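Some notes on the structure that comes next.
In this text, all values refer to a predicted model and were calculated from it rather than measured experimentally.
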Amino acid sequence: MKKTLKSILNSMAITISVFAPLGALTPAISNAEVTTPSDEVQSTETKYGDWSDSVIHTVVQTKDLLGIPLYDKDGNVIEYRSLGANSFWFTDTRHENSKTGEVFYRVATNEYVSEKSLTSYVEK
């Protein structure tokens, strides 16, 4: 069963992201039902250099791995910052490099998670 972001947010408790030991962040929501990612993202797109940003409204889920790395807008790893395993995050931007094909989702101001570190997302 596919749920909308609005129904998930209405039924789930939202927590404010705070810092935890070793730079891990707390998840935005938890225990949501999710669907498998799709390349069919309809959005408004902004391009600059090799990068393009698409405006989206979705929730992504990280893989069940310890210390999911965060990246800056240029695709560089941000030291001492990570996301928790199997956690859910609201994202408003899909960030793609046209040369490398790398895709990232923004989870905080200038902090992105790689599509390779995600298992699924929920469309709004």
**Asked** Can you name the nearest heavy-atom pair linking H95 to K73, along with the distance?
**Response** NE2-O, 2.6 Å
**Item:** Shortest non-hydrogen contact between L65 and A85, atoms and distance
**Value:** O-CB, 2.9 Å
**salt bridge (Lys or Arg N to Asp or Glu O under 4.0 Å) against D74, all qualifying residues, sequence neighbours excluded** = none
List the residues meeting side-chain hydrogen bond (donor to acceptor under 3.5 Å, both in side chains) with [X], not counting sequence neighbours, and say none if there are none.
{"X": "N86", "result": "Q61"}
{"X": "S117", "result": "none"}
{"X": "D92", "result": "R106"}

**Prompt:** Nearest 0.5 Å, what's the OG1-CD1 distance between T62 and I68?
**Reply:** 5.0 Å
**Request:** Answer yes or no: is there a donor N or O on one side and an acceptor on the other, between the side chain of D72 and the main chain of I78, under 3.5 Å?
**Result:** no
**Prompt:** Is it true that a side-chain atom of S114 and a backbone atom of K116 form a donor plus acceptor pair closer than 3.5 Å?
**Reply:** yes
**Prompt:** Which ILVMFWY residues are connected to Y71, directly or by a chain of links, through side-chain heavy atoms under 4.5 Å apart?
**Reply:** Y48, W51, V77, F104, Y112
**Request:** Quick one: list whatever passes side-chain contact (heavy atoms from CB on, under 4.5 Å) with T100, sequence neighbours left out.
**Result:** N97, E102
**Item:** Residues that S52 engages under side-chain contact (heavy atoms from CB on, under 4.5 Å), provided they are two or more places apart
**Value:** E45, K47, E96
**Item:** Side-chain H-bond candidate by donor/acceptor type, W89 with T91, under 3.5 Å
**Value:** no
**Prompt:** Step by step, would you call I56 with T93 a side-chain contact (heavy atoms from CB on, under 4.5 Å)?
**Reply:** CA-CA 5 Å; I56 60 173; T93 304; 5.7 Å; no
